Amino acid sequence: MGFSSPRWSLIRRAFVMSVLFAHACHGFYLPGSYMHTYSKGDPIFAKVNSLTSIETELPFSYYSLPYCKPSEGIKKSAENLGELLLGDQIDNSPYRFRMNVNETVYLCTTSPLNENEVKLLKQRTRDLYQVNMILDNLPAMRFAQQNGVNIQWTGFPVGYTPPNSNDDYIINHLRFRVLIHEYEGSGVEILGTGEEGMGVISEADKSKASGFEIVGFEVFPCSVKFDPDAMLKLHRYDTLKNVNCPGELDKSQIIREQERVSFTYEVEFVKSDIRWPSRWDAYLKMEGARVHWFSILNSLMVITFLAGIVFVIFLRTVRRDLTKYEELDKEAQAQMNEELSGWKLVVGDVFREPECSKLLCVMVGDGVQITGMAVVTIIFAAFGFMSPASRGMLLTGMIVLYLFLGIVAGYVGVRMWRTIKGTSEGWRSVSWSVACFFPGIAFAILTVLNFLLWANNSTGAIPISLYFVLFVLWFCISVPLTLLGGFFGTRAEEISYPVRTNQIPREIPARKYPSWILVLGAGTLPFGTLFIELFFILSSIWLGRFYYVFGFLLIVLLLLVIVCAEVSVVLTYMHLCVEDWRWWWKAFFASGSVALYVFLYSINYLVFDLQSLSGPVSAFLYLGYSLLMAVAIMLSTGTIGFLTSFYFVHYLFSSVKID
């Protein structure tokens, strides 16, 4: 082939285009929000998210309390599906900053507080509710000292209650420190996926892009008692003299009836060396890296132990029996058939149809769908495609993946149905059941929890309109794709059994103890690979911490898959050796029983780590979401174990020729 051939010409052209594209894009950031650059004096308005508390887990609207409202009225920001499901309600606020202009500003003075407002403020203060503010897509960060240790939080409290006091004080003065980085335009192209949408800064925009980037947003709250008569003479955004945060309670703003509360704030801009792509590092500091590595090493030890058992089963026991059997002549084989023992005795029953075979096919189909969704989501997150700057994107991505993976669920469920039944008859019913089983459980749990949230007027309640949207997504995308996958399953090559099934089932020998005890006990091994990472995940969900160590989570997930497969294979072989041919459901629950331990650990976490959680409603919400998580884990891990055991049994008996 010469250099003038058409193929070489195509390669050369592609190389030239790649060089030109690389020249055009000097920099490329993915993901994150669209980088804003501001000139000195440009107005920037902060946004406010729902009020949240680790004590109640019930989010409420910011403007449910008597705070200052924007002059132009309250406007909701565009929210994605994930934000709505998480209970986020992002609104505009009257807090206005001017880039690189330090100032102390008056905001507003409330009308005299009435009984209901005082009661609500006191309740939110004592329930430790936090105000969550956002500037240029960065949450406000607060630093505090606890037992001599520096702790960082997002948001600031509604108020505080001094020790040994029945009085409550409202936070009405905020000191903001905005970290900025001076940016010189250099033809950098930036693609963003944040709430502001996608944006590009190109070479032509060099002069326009020069300015300041916001790379940090810190808040220092305090309570100050102002003279309401003097403050009422001021107008919004009038400048004030520096406000000193008092240390004495008599100079702080108490919460009581007929009190007028004046709100003020001051802002200081500080130049920083932090670059825009690194501005989230302060929020995502990974603590306890050694604990994550310990979790992985612990999992590797479990895997090595189980791998040794599987190795012995395959190479010493199974291979030895099969080789010895194949070396015999036909007469000797016939004689040996009469003297068979162990797993070889159930050759005529091992592929007998299990009880509730349709339910098994449905659960396996849903398990494949959930596993695929989890694996793809964690891989994308590990490579940085699920940025915390894009709020709700992780949950939105999971829902979209689940919807489109319905085609895989339908295919696997119907193909397993064909394998067990030997016919495609009834595949539509199986496909519909696959499409409705797990979503039906999720809708039932979420509906019960939603009634609780509605009753408490929480922003975490899913609106009726969103219920309709979810129903449309399920009925118009997931169900048709699942039926299409089921149709493909009827056209796929049939998985034929290597041995015939006897007409009369073989009697299973009596055992000293129920086999289900062993099956349930097997779930402790997969749980051992998972429980440390599970602690960090629960902390991120219920304690408001950022979880972004998806690299560790991906490794733990891969180890969990291996452990589930090994545990199920070992348990299946043990049951076959004692002539128990009812292995189908036991193979599923050998690894799926890890969900039981996950749910029990969630209860343990509630009792010992969420001691601040108050009220039966909060506990019921926690247990409801934990139950939904446990069901998803059961379907996923059970499917991994079952499919591995199925192919193990198929391989094992395909090497045996017994008539």
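Just so it is clear, the model here is predicted, and its values are computed rather than measured.
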Are [X] and [Y] side-chain neighbours, meaning at least one heavy-atom pair lies under 4.5 Å?
X	Y	value
V434	V414	no
L359	F437	yes
V412	T639	no
V430	K421	no
Y573	W583	no
V556	I532	no
V563	V594	no
N502	R352	yes

Whether over 12 other heavy atoms sit under 6.0 Å from E425 CD: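 No, the 6.0 Å shell around CD holds no more than 12 heavy atoms from other groups.
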With L557, the side-chain contact (heavy atoms from CB on, under 4.5 Å) member among V375, I562, I379: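 Answer after filtering V375, I562, I379: V375.
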Steps toward side-chain contact (heavy atoms from CB on, under 4.5 Å) verdict (W432, V362): CA-CA 9 Å; W432 271 101; V362 169; over 6 Å; no
Minimum heavy-atom separation for [X] and [Y], please, with both atom names.
X	Y	value
L403	L481	O-CD1, 3.7 Å
V519	H575	CG2-CE1, 3.9 Å
A590	V567	O-CG1, 3.8 Å
Y625	L446	CE2-CD2, 3.8 Å
L401	M373	CD1-O, 4.0 Å
F620	L452	CD2-CD1, 3.1 Å

What distance do [X] atom [atom1] and [Y] atom [atom2] have between them, rounded to the nearest 0.5 Å?
X	Y	atom1	atom2	value
L606	Y601	CG	OH	12.5 Å
I407	I477	CD1	CD1	13.0 Å
L559	C564	CG	SG	11.0 Å
K586	L518	NZ	CG	9.5 Å
I495	E493	CD1	CD	8.5 Å
S568	L525	OG	CG	12.0 Å

Geometric class of the W584/F646 ring pair [parallel <30°, tilted 30-60°, perpendicular >60°]: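 Ring orientation, 0 to 90° scale: tilted.
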Aromatic ring pairing F535/Y605, orientation class (parallel under 30°, perpendicular over 60°, tilted between):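 Rings of F535 and Y605: perpendicular, as their planes differ by over 60°.
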From CA spacing to verdict: side-chain contact (heavy atoms from CB on, under 4.5 Å), F536, F552: CA-CA 11 Å; F536 288 98; F552 282 115; over 6 Å; no
For the side chain of [X] and the backbone of [Y], is there at least one donor-acceptor N/O pair under 3.5 Å apart?
X	Y	value
T524	G521	yes
W585	P354	no
S636	A632	no
T644	V569	no

side-chain contact (heavy atoms from CB on, under 4.5 Å) between W427 and F487, intermediate numbers included: CA-CA 8 Å; W427 71 270; F487 175 76; 3.9 Å; yes
ring-ring contact (aromatic ring centres under 6.0 Å, His included) against Y497, all qualifying residues, sequence neighbours excluded: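 Partners of Y497 by the ring-ring contact (aromatic ring centres under 6.0 Å, His included) criterion, ordered by chain and then number, come out as F351.
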Those residues that, when tested against F451, pass ring-ring contact (aromatic ring centres under 6.0 Å, His included) (two or more places apart):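 If we apply the ring-ring contact (aromatic ring centres under 6.0 Å, His included) test to F451, skipping adjacent residues, the hits are W454.
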Listed once per pair and sorted, the side chain to side chain donor-acceptor pair (under 3.5 Å) pairs that draw on residues 467-491, sequence neighbours left out: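 Residue pairs passing side chain to side chain donor-acceptor pair (under 3.5 Å), neighbours aside: T447-Y467.
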Derivation and outcome, side-chain hydrogen bond (donor to acceptor under 3.5 Å, both in side chains), residues T56 and S618: CA-CA 5 Å; T56 66; S618 302; 4.9 Å; no
Verdict with supporting geometry, S357 and W417, side-chain contact (heavy atoms from CB on, under 4.5 Å): CA-CA 8 Å; S357 56; W417 172 257; 4.0 Å; yes
Lys NZ or Arg CZ of R506 over W581 ring: under 6.0 Å, within 45°: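 No cation-pi geometry.
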